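Order of the sequence lines sets the chain letters (A, B, ...), proteins ahead of strands, with each chain counted from 1. Remember, it's a predicted structure, so these values are computed and weren't measured experimentally.
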Amino acid sequence: MGYRILKKRVLVADPKTVYFEVDAAAVAAKAKAGQFIILRVSEPGERIPLTIAQARPDDGVTTIVVQEVGKTTHDLCNLEEGQEILDFAGPLGQPTHIEKRGTVCCVGGGIGNAVVWPQAKAFHEAGNKVISIIGARTKGLLILEEEIRAASDEVIVTTDDGSYGRKGLVTDALKEVCERETVDECITIGPVIMMKFVAATTKPFQVPTQVSLNPIMVDGTGMCGACRVTVGGQTKFACVDGPEFDGHQVDFDELMKRLAYYRDLEKISYDRALERECRCGKCEGGE
Amino acid sequence: MADDGKKRRPINRQDHKTPMPEQAPEARILNYKEVPLGYTPEMAMNEATRCLQCKKAPCRTGCPVDIDIPAALDLIAEGDFAGGYRKMRETNFLPAICGRVCPQEDQCESMCVLGKKNEPVAIGRLERFVADWAMQHEDSEAGAEMPVCKPATGKKVAVIGSGPASLTAASDLVQLGHEVHVFEALHKPGGVLFYGIPEFRLPKATLVKEIDGLAKIGVTFHMNYVVGATETLSELRERFDAVFIGTGAGLPWFLGIPGENLNGVYSSNEFLTRVNLMGAYKFPESDTPVKPGSRVVVVGAGNTAMDSARTAKRLQPEHVTLVYRRSRAEMPARVEEIHHAEEEGIEFKLLHTPVEIFGDEKGNVTSVKLQKMELGEPDASGRRRPLPIEGSEFVVEADCVVVALGNGPNPLLTRVEPELELSRRGTIAVDEETLESSMKGVFAGGDIVTGGATVILAMGAGRQAARSIQRYLTTGSAAF
Ligand code: FES
């Protein structure tokens with residue numbers, strides 16, 4: 001009944017970051033860069049949105065990259081090849097608007113790089129010069145570099161600690177690129193705070209900047225409004241109007257606050273899950 | 001009663017409905033179990049013998065799905081519950097649902113002759129009784145018996161959405177021998193019956209059983225299938241001989257006041273979905289959280305507002321207030337729901353409207369500014385228009401606000417179908433008689449057409465569409 005995991009690759013051990021190829025032909029047949037799915041790992045699980053990393057209509061494979069940040073992603077990252085994800089719906093949201101613009105900067109951070117990959121690829125295939133700027137805290141956390149390199153004309157890697165590529169933030173590199181040449185469009189995905197500063201960086205250069213937002217969602221079809229974000233002073237539902245919006249118009253501070261609202265409860269849920277699996281003998285759990 | 005020589009049963013002259021046993025308010029606000037407990041067989045027979053067995057059966061004309069009510073009640077009066085159930089199910093495959101959520105007081109019961117002087121026969125309660133009886137006796141021959149579908153026609157019909165309109169259309173069409181596939185965007189079937197209507201009004205187990213019945217007679221359900229995204233309507237149309245759209249009106253309206261995106265402001269859809277569909281009331285046993293806080297303000301006065309307020313109450317905040325801009329007389333909710341809400345200690349602030357929501361530095365709601373209203377001249381809807389009283393604003397504490405103002409049509413499916421004609425409001429435009437849309441062979445009914453009504457009206461539309469689809473499939477045209 002569920003959606004089988006055909007391939008699993010652990011990209012980073014800690015925080016655990018996993019690449020999954022999922023047997024979801026209906027999604028794969030339709031998915032375009034920038035769209036997402038909503039999944040539920042098992043009963044009585046919650047529905048979480050994840051941006052699609054790759055869709056292969058030919059063999060019905062939909063790829064997602066997940067980082068363990070809480071109970072649901074923990075359960076998901078623990079699934080093995082051959083096991084199934086209970087629910088997997090999509091592709092949802094509007095696809096990235098891809099056209100020939102000239103030079104396009106794709107800026108990713110952390111897990112967001114998983115989505116830079118299809119976007120860079122799509123812009124490249126549309127005849128753009130693609131400069132990908134991908135960042136991570138440290139070398140070990142950088143994901144899908146090979147894939148992104150294959151899809152880009154130029155790749156700039158930044159790490160916060162300088163352990164790989166250039167030391168610094170993606171915004172430093174982005175600013176230099178904008179000073180160096182005309183950038184016709186910028187697209188960014190990663191932590192909200194990073195996207196906020198990416199938008200602030202491109203603003204003085206008047207580079208149209210698309211940000212891919214990741215608010216809390218429930219249904220993902222426009223039915224509940226959990227995903228509302230303020231863009232240019234107007235309320236939008238990220239799941240149907242987005243997830244990509246004009247970064248120069250987005251109220252990032254509101255988004256960060258909304259994302260933090262359930263953190264206390266999310267922690268309770270996560271801690272319980274970890275405790276249940278704990279084998280120390282002192283905790284309640286143990287299998 | 002038919003003139004078959006049977007001895008005429010004496011009529012029970014009781015002037016009121018046989019009372020429904022209920023959970024006491026103090027007890028029920030601590031659980032999610034159903035509030036009305038249901039009739040016993042004795043109660044059901046007692047109530048059914050109140051029916052005068054009118055030849056003209058005005059009650060029938062009040063039923064959107066045309067149940068042969070006197071015949072069913074006659075059987076119940078005789079203690080033939082299986083027969084009563086079978087009779088109801090002849091025209092309504094979902095009696096356990098309808099018996100609970102239909103506004104009978106505005107429909108069949110409003111037409112009952114007894115109601116002119118006394119209370120009408122409790123038709124809804126009897127419908128629920130026989131449906132529950134059948135579920136409890138599903139191992140018996142009578143309980144397990146399923147309607148026989150006509151021989152396969154070889155025609156395939158797609159039904160989009162799995163709410164009341166869709167389920168009714170699907171049940172009618174499958175019984176006519178068509179191959180019926182239901183496509184649902186969420187992970188559970190039932191639409192608003194699952195995510196919107198709380199457990200204490202319609203237990204999920206009952207809902208699931210009734211839907212399982214459809215699967216048993218051959219309806220195929222496809223979950224996680226978002227028509228408009230996973231596949232477009234046009235593509236479905238190519239694969240099927242006819243399509244019914246019953247996706248409802250799932251796009252929540254907000255107030256459009258400052259502070260509405262603060263944390264703790266929910267649409268009733270989100271609030272109820274978290275609790276009903278995702279089981280947030282069991283958190284952390286289930287993974288989805290909800291935060292009712294300690295002071296909840298619910299805005300609106302329809303059934304969904306009552307459901308939200310009563311659901312909130314069961315999450316045990318200190319206080320639940322329901323705010324409505326008109327007066328009691330204009331409240332659109334069912335009388336029974338309003339009554340239940342009051343019994344459960346929900347405070348009604350009538351003739352008030354929120355004008356601003358305030359929050360703290362974390363973006364969490366802290367209070368709501370309300371303004372007093374008065375009623376002016378009647379507006380287009382015939383109801384007296386609420387007018388704000390200048391300078392009457394005051395602030396109440398709140399850490400959760402649930403906005404239950406209704407829904408507009410969700411554009412997910414329609415926006416990628418340029419061929420599909422919409423009304424100015426964004427609902428699907430259909431022929432009033434046939435419910436056929438501007439796309440040949442594509443029919444629509446329920447809230448996606450009307451913009452927001454009751455479960456049973458949606459079911460009536462599902463039935464109407466099924467009839468047209470049958471005509472369309474057999475004659476090539478939906479027209480009469
Ligand atoms: S997630 Fe429910 S409307 Fe967007």
**Asked** Quick one: what part of A:Leu259 sits under 4.5 Å from any heavy atom of chain B, side chain, backbone, both or neither?
**Response**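 It is neither, since no heavy atom gets under 4.5 Å.
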**Prompt:** Tell me, side chain or backbone of A:Val218 under 4.5 Å from chain B's heavy atoms, or both, or neither?
**Reply:**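 A:Val218 touches chain B through side-chain heavy atoms alone.
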Toward chain A, the part of [X] with a non-hydrogen atom under 4.5 Å:
X	result
B:Phe254	side chain
B:Leu186	both
B:Val290	backbone
B:Leu272	neither

**Prompt:** If you count heavy-atom pairs under 4.5 Å between each of A:Ala26, A:Ala29, A:Ala226 and chain B, which one has the most?
**Reply:**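 Going by pairs under 4.5 Å, I would pick A:Ala226.
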**Request:** Can you see which heavy atom on A:Phe237 is nearest to which on B:Pro252, and at what distance?
**Result:**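 Reported closest heavy-atom pair: CE2-CD, 4.0 Å.
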**Request:** Please name the pair of heavy atoms, one in A:Pro91 and one in B:Ala229, separated by the smallest distance, quoted to 0.1 Å.
**Result:**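 Distance-wise, the nearest heavy atoms are O-CB, 3.2 Å.
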**Message:** Looking at chain A, which one of B:Gly264, B:Ala185, B:Gly248, B:Gly363 has the largest number of heavy-atom pairs inside 4.5 Å, strictly under?
**Reply:**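 Of the options given, most contacts go to B:Gly264.
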Between these two chains, chain A and chain B, I want each donor-acceptor atom pair under 3.5 angstrom written on its own line with its distance.
unit_1, atom_1, unit_2, atom_2, d
A:Lys30, NZ, B:Glu235, OE1, 2.5
A:Lys30, NZ, B:Glu235, OE2, 3.0
A:Glu43, OE2, B:Lys188, NZ, 3.2
A:Pro44, O, B:Asp287, N, 3.2
A:Arg47, NH1, B:His187, ND1, 2.8
A:Lys71, NZ, B:Asp287, OD1, 3.3
A:Lys71, NZ, B:Asp287, OD2, 3.0
A:Asp87, OD1, B:Asn224, ND2, 2.9
A:Gly90, O, B:Thr230, OG1, 2.8
A:Thr221, O, B:Asn410, ND2, 2.8
A:Met223, O, B:Asn269, ND2, 2.7
A:Cys224, O, B:Ser267, OG, 2.6
A:Arg228, NE, B:Asn261, OD1, 2.9
A:Arg228, NH2, B:Glu260, O, 2.7
A:Arg228, NH2, B:Val265, O, 3.0
A:Thr230, OG1, B:Asn261, ND2, 3.1
A:Thr235, OG1, B:Asn261, ND2, 3.2
A:Val240, O, B:Arg415, NH1, 3.1
A:Val240, O, B:Arg415, NH2, 3.3
A:Lys257, O, B:Asn263, ND2, 3.1
A:Arg258, NH1, B:Asn261, O, 2.7
A:Tyr261, O, B:Lys291, NZ, 2.6
A:Tyr262, OH, B:Tyr266, OH, 2.6
A:Asp264, OD1, B:Lys291, NZ, 3.0
A:Asp264, OD2, B:Lys291, NZ, 3.2
A:Arg272, NH1, B:Pro284, O, 2.9
A:Arg272, NH2, B:Glu285, OE2, 2.9

**Partner set under side-chain contact (heavy atoms from CB on, under 4.5 Å) for B:Ala158, not counting sequence neighbours** =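 Checked B:Ala158 against side-chain contact (heavy atoms from CB on, under 4.5 Å); matches are B:Phe183, B:Leu236, B:Phe240, B:Val243.
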**Request:** Could you name each residue pair satisfying salt bridge (Lys or Arg N to Asp or Glu O under 4.0 Å) that touches residues 189-198 of chain B, not counting sequence neighbours?
**Result:**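 For residues 189-198 of chain B, and leaving out neighbouring residues, there are no salt bridge (Lys or Arg N to Asp or Glu O under 4.0 Å) pairs at all.
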**Request:** Can you tell me which residue pairs pass the ring pair (Phe, Tyr, Trp, His ring centres under 6.0 Å) test with a partner in residues 19-55 of chain A, sequence neighbours excluded?
**Result:**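 Listed by first then second residue: nothing to list.
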